[in-house]
Amino acid sequence: MREEIEKRYRKKQLICVILGVCIALILTGSIVNRRMKVVDAKVRRTQEKLAGEVFRFHVLANSDSEEDQALKLKVRDAVLAYMKSDMKDETTGEPSAEDTKQWAQRHLGDIEEKAGEIIREEGYSYGVKANVQVCHFPDKTYGDITFPEGDYEALRIEIGKAEGHNWWCVLYPNLCFMSTTCAVVSDEGKEELKEVLTDDEYEMVTATSDFKIKWFFFGGDAGKDQ
């Protein structure tokens, strides 16, 4: 009889332990899920703020043919050279993202003309269209700097049918690279980023996925201003 009682007692203890573990797992899962929602909200919020601090450049080729892709890069080079020269003459000191955007909006016709000159010089008759607009960009990495996926304002140039692979960079701060083989942000470029971005924004672009782990355990409420 005593053995039977002890057996039933041990069975009840086991059931209680199993129930306790299940409840703990459910509670932990719920806490983790809520925390991940907080982190995801903070990531979205920080990316949206980051998007307001930078201005990007987007060039779409007519097609994916080797010739059209080469033409795209020549148009890119000509437009960047024109921007560098003209903005230096028009602005005093270092322009902001808003200054760069406003300059581009004022000079859309000139940008189209410069791009059109290159297209004609290369023997093509493609049309070209330039606009300042909001574009969706995937993650883009320059060495150890990663700009997260999201919507950013950009100077967008469409060549011909604009059905080919595109090319993009960051006009402000100046992170445009002529060669993807050396597309690594210098220490000077990182310092410029630090001056432009908040701590959270800079951490997002430099720490890649690690910042999510830190924000999960140590980050503040995503609803608060950072």
Side-chain angles (χ1 to χ4, degrees), residues 32-33 35-61 64 69 72-73 76-77 79-80 83-84 94-101 104 131-158 162 164-226:
V32 169
N33 185 56
R35 188 60 193 162
M36 283 305 302
K37 287 182 178 179
V38 170
V39 172
D40 288 343
K42 183 173 181 179
V43 169
R44 288 193 299 272
R45 180 182 176 87
T46 304
Q47 186 279 321
E48 289 170 358
K49 290 171 67 179
L50 169 65
E53 305 292 348
V54 302
F55 184 56
R56 302 180 75 162
F57 185 31
H58 197 194
V59 185
L60 286 83
D64 281 335
Q69 288 295 309
K72 171 191 70 178
L73 298 181
R76 171 204 69 182
D77 292 348
V79 171
L80 285 175
M83 291 186 70
K84 183 178 180 180
E94 291 296 324
S96 65
E98 186 63 26
D99 292 333
T100 307
K101 179 176 70 175
N131 276 307
V132 172
Q133 63 188 82
V134 175
C135 303
H136 187 81
F137 290 87
D139 287 345
K140 178 62 177 176
T141 299
Y142 300 111
D144 55 355
I145 298 291
T146 298
F147 283 85
E149 177 182 3
D151 295 329
Y152 297 81
E153 280 195 290
L155 169 61
R156 178 183 173 97
I157 297 179
E158 299 179 0
H165 277 89
N166 54 52
W167 178 93
W168 60 81
C169 74
V170 179
L171 281 176
Y172 181 86
N174 183 16
L175 299 176
C176 280
F177 304 95
M178 298 300 99
S179 171
T180 56
T181 60
C182 60
V184 177
V185 179
S186 65
D187 290 339
E188 182 180 348
K190 291 176 183 177
E191 286 301 318
E192 186 175 355
L193 275 174
K194 277 186 178 180
E195 293 178 4
V196 171
L197 307 181
T198 65
D199 290 344
D200 278 348
E201 292 162 2
Y202 187 74
E203 185 174 41
M204 173 180 276
V205 300
T206 56
T208 60
S209 61
D210 292 344
F211 73 92
K212 288 189 177 182
I213 298 174
K214 178 180 177 181
W215 289 0
F216 181 88
F217 290 105
F218 306 109
D221 188 341
K224 297 179 180 177
D225 290 334
Q226 303 298 325

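By convention here, the first residue in the shown sequence is residue 1. Since the model is a prediction, treat every value here as computed from it, not as a measurement.
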Scanning both residues in full, the closest heavy-atom pair of Gly52 with Ala97 reads O-CB, 4.4 Å
Original post:
Mind checking whether Tyr152 and Phe137 have parallel, tilted or perpendicular rings, split at 30° and 60°?
Top reply: perpendicular
The single option from Val170, Leu171, Asn166 that satisfies side-chain contact (heavy atoms from CB on, under 4.5 Å) with Trp168 is Asn166
All heavy atoms of Pro173 vs all of Val54, minimum pair found to be CD-CG1, 3.8 Å
Leu50 and Phe147 have their tightest heavy-atom pair at CD2-CD2, 4.3 Å
Do other residues, nucleotides or ligands put more than 12 heavy atoms under 6.0 Å from the CG atom of Asp199?
-> no
*So, His136 and Glu149: side-chain donor and acceptor under 3.5 Å apart, yes or no?*
yes
- Message: If you define the side chain from C-beta out and look only at heavy atoms, does anything of Leu60 sit under 4.5 Å from Lys72?
- Response: no
Check: Arg156 and Arg56 side chains under 4.5 Å, non-hydrogen atoms | no
Check your understanding: Can you list the steps and then say if Trp167 with Gln69 is a side chain to side chain contact (heavy atoms under 4.5 Å, CB included)?
Key -> CA-CA 9 Å; Trp167 178 93; Gln69 288 295 309; over 6 Å; no
Separation between NZ (Lys101) and CG (Leu155), nearest 0.5 Å, reads 12.5 Å
Here the gap from Glu195 atom CD to Glu191 atom CD, rounded to the nearest 0.5 Å, amounts to 7.0 Å
CD of Glu53 to CD of Glu201, rounded to nearest 0.5 Å, is 5.0 Å
Q) Would a 4.5 Å heavy-atom cut-off, applied to side chains only, mark Glu98 and Tyr172 as touching? A) no
